[in-house]
Amino acid sequence: MSKSLKKLVEESREKNQPEVDMSDRGISSMLDINGLFSLAHITQLVLSHNKLTTVPPNVAELKNLEVLNFFNNQIEELPTQISSLQKLKHLNLGMNRLNTLPRGFGSLPALEVLDLTYNNLNEHSLPGNFFYLTTLRALYLSDNDFEILPPDIGKLTKLQILSLRDNDLISLPKEIGELTQLKELHIQGNRLTVLPPELASTADTCKRTQNPQRRITTNQKRSAGNP
């Protein structure tokens, strides 16, 4: 472990610092960071732009985490223990190599923002309880391999932002109309030809409540060979 990482851990422990930023340090394993999992007091851990391929089960020991950022690594799988982080509000797993999420992933009772952009996920990658994440306000699933969106999406009634850009979606479920708090829906770059009428009626409702924030972006993915 480099001296700079060791110093970060020691300073956080000695000064009771709640935020630890280890981004862009060439880290290939969290287990190489001595003392990291003893920092049970920290609320924010940033490990973006590293070379991580896995997340160890020990992550559950960081029980006070509210923000966990793994953006731009090479993570292929997550431990089931990640769902033990009961205070987690923001989880960024964008730009990794995930093709599945662990069993029980949906039992994160405080999660508000989940970024899964730029992975290899599809509708079969989501565990059965994924849509129990009813506290979610923002869900980013862009640049994955979804062909359909499960009807259970309608259970995420607090969603304000839903990003599905650049997947392989051929249709949207009518249950998407149940997301009455939605302000932004990004669905460009898919294979959609029609939108469910329930979505239109939801948009009309938002207009009647004079919600200027609502945006639905729908421009179609251009076929290969077209300018």
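Worth knowing before you read on, the calculation uses all heavy atoms, side chains too, and leaves out hydrogens, waters and symmetry mates.
Using a 4.5 Å heavy-atom cutoff, the side chains of Leu156 and Phe131 are in contact. Side-chain contact between Arg25 and Leu8 is present, with at least one heavy-atom pair separated by less than 4.5 Å. Side-chain contact between Phe37 and Met30 is present, with at least one heavy-atom pair separated by less than 4.5 Å. Put simply, the side chain of Asn92 does not reach to within 4.5 Å of the side chain of Leu68, judged on heavy atoms. Under the 4.5 Å side-chain criterion, counting only non-hydrogen atoms from C-beta, Ile27 is in contact with Ile33. Residues Gln181 and Lys183 form no side-chain contact, since every pair of their non-hydrogen atoms from C-beta on lies 4.5 Å or further apart. Between Leu179 and Ile153 there is a side-chain heavy-atom pair separated by less than 4.5 Å. By the 4.5 Å heavy-atom criterion applied to side chains, Val9 and Asn34 are not counted as neighbours.
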Ser142 vs Asp166, test: side chain to side chain contact (heavy atoms under 4.5 Å, CB included). Steps then yes/no.
CA-CA 6 Å; Ser142 295; Asp166 294 324; 5.6 Å; no
For Leu5 and Met22, run side chain to side chain contact (heavy atoms under 4.5 Å, CB included): C-alpha distance rounded to whole Å, both residues' side-chain angles, the deciding distance at 0.1 Å, then the answer.
CA-CA 7 Å; Leu5 289 178; Met22 296 181 174; 3.9 Å; yes
As a quick check of understanding, evaluate side chain to side chain contact (heavy atoms under 4.5 Å, CB included) for Ile42 and Ser12, giving each step before the final call.
CA-CA 8 Å; Ile42 62 173; Ser12 177; 3.4 Å; yes
Could you walk me through whether Leu93 and Leu78 pass the side chain to side chain contact (heavy atoms under 4.5 Å, CB included) test, one step at a time?
CA-CA 10 Å; Leu93 291 159; Leu78 299 170; 3.6 Å; yes
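Although no hydrogens or angles enter the test, the distance criterion places a donor-acceptor pair under 3.5 Å between the side chain of Asn96 and the main chain of Gln74. At least one donor-acceptor pair closer than 3.5 Å links the side chain of Arg191 to the backbone N or O of Asp168. Under the 3.5 Å distance criterion, the side-chain polar atoms of Ser29 are matched with a main-chain donor or acceptor of Leu31. Side chain of Asn50 to main chain of Leu52: no donor-acceptor pair is present (N/O by atom type, distance under 3.5 Å, no hydrogens or angles). Side-chain N or O atoms of Asp143 include none that pairs as donor or acceptor with a backbone N or O of Thr117 at under 3.5 Å. With Asn122 contributing its side chain and Phe146 its backbone, the two residues share no donor-acceptor pair below 3.5 Å. A donor-acceptor distance shorter than 3.5 angstrom exists from the side chain of Glu123 to the backbone of Glu147, with no hydrogens or angles considered. Without hydrogens or angle criteria, His49 side chain to Gly26 main chain gives no donor-acceptor distance under 3.5 Å. Checking side-chain atoms of Asn99 against main-chain N and O of Glu76 turns up no donor-acceptor pair under 3.5 Å.
The CD atom of Glu66 sits 13.0 Å away from the CD atom of Gln86 when rounded to the nearest 0.5 Å. A distance of 10.5 Å separates OH of Tyr118 from CG of Asn144, quoted to the nearest 0.5 Å. We find the CG-CG distance between Asn119 and Leu141 to be 9.5 Å, quoted to the nearest 0.5 Å. With rounding to the nearest 0.5 angstrom, the CG atom of Leu114 is 10.0 Å from the CG atom of Leu159. Rounding to the nearest 0.5 Å gives a distance of 13.0 Å between CD of Glu61 and CG of Asn64. Note: Leu195 CG to Leu172 CG = 6.0 Å, rounded to the nearest 0.5 Å.
Linking Ile, Leu, Val, Met, Phe, Trp and Tyr residues whenever their side-chain heavy atoms come within less than 4.5 Å places Leu139 and Leu133 in a single cluster. If you chain together hydrophobic residues whose side chains sit under 4.5 Å apart, Leu192 and Leu162 fall into the same group. Under the 4.5 Å side-chain contact rule for hydrophobic residues, Tyr140 and Ile176 do not share a cluster. Under the 4.5 Å side-chain heavy-atom criterion for ILVMFWY residues, no single connected hydrophobic cluster contains both Ile82 and Met95. Taken together through direct or relayed side-chain contacts under 4.5 Å among Ile, Leu, Val, Met, Phe, Trp and Tyr, Val67 and Val113 form parts of separate hydrophobic clusters.
Here the closest heavy-atom approach between residue Leu169 and residue Leu164 is recorded as CD1-CB, 3.8 Å. In terms of heavy-atom proximity, Val55 sits nearest to Pro79 at O-CD, 3.2 Å. The nearest pair of heavy atoms linking Pro150 to Pro173 is O-CG, 4.0 Å. Between Leu116 and Leu98, the shortest heavy-atom contact is CD2-CD1, 4.4 Å. Of all the heavy atoms in Ala60 and Ser84, the pair that sits closest is CB-CB, 3.9 Å. When all heavy atoms are compared, the tightest approach of Arg13 to Gly35 is NH2-O, 3.5 Å.
When each of Leu91, Thr80, Leu126 is paired with Phe105, the side chain to side chain contact (heavy atoms under 4.5 Å, CB included) condition holds for Leu91 and for no other. Under the side chain to side chain contact (heavy atoms under 4.5 Å, CB included) rule, Leu45 has a single partner from Val59, Leu36, Asp21, which is Leu36.
Taking Ser48 as the reference, Ser23, Val46, Asn69, Phe71 meet the side-chain contact (heavy atoms from CB on, under 4.5 Å) condition, with sequence neighbours excluded.
By the 4.0 Å N-to-carboxylate-O rule, Glu112 lies too far from Lys89 to be salt-bridged with it.
More than 12 heavy atoms of other residues, nucleotides or ligands sit less than 6.0 Å from atom CZ of Phe130.
A donor-acceptor contact closer than 3.5 angstrom is absent between the side chains of Thr100 and Ser125.
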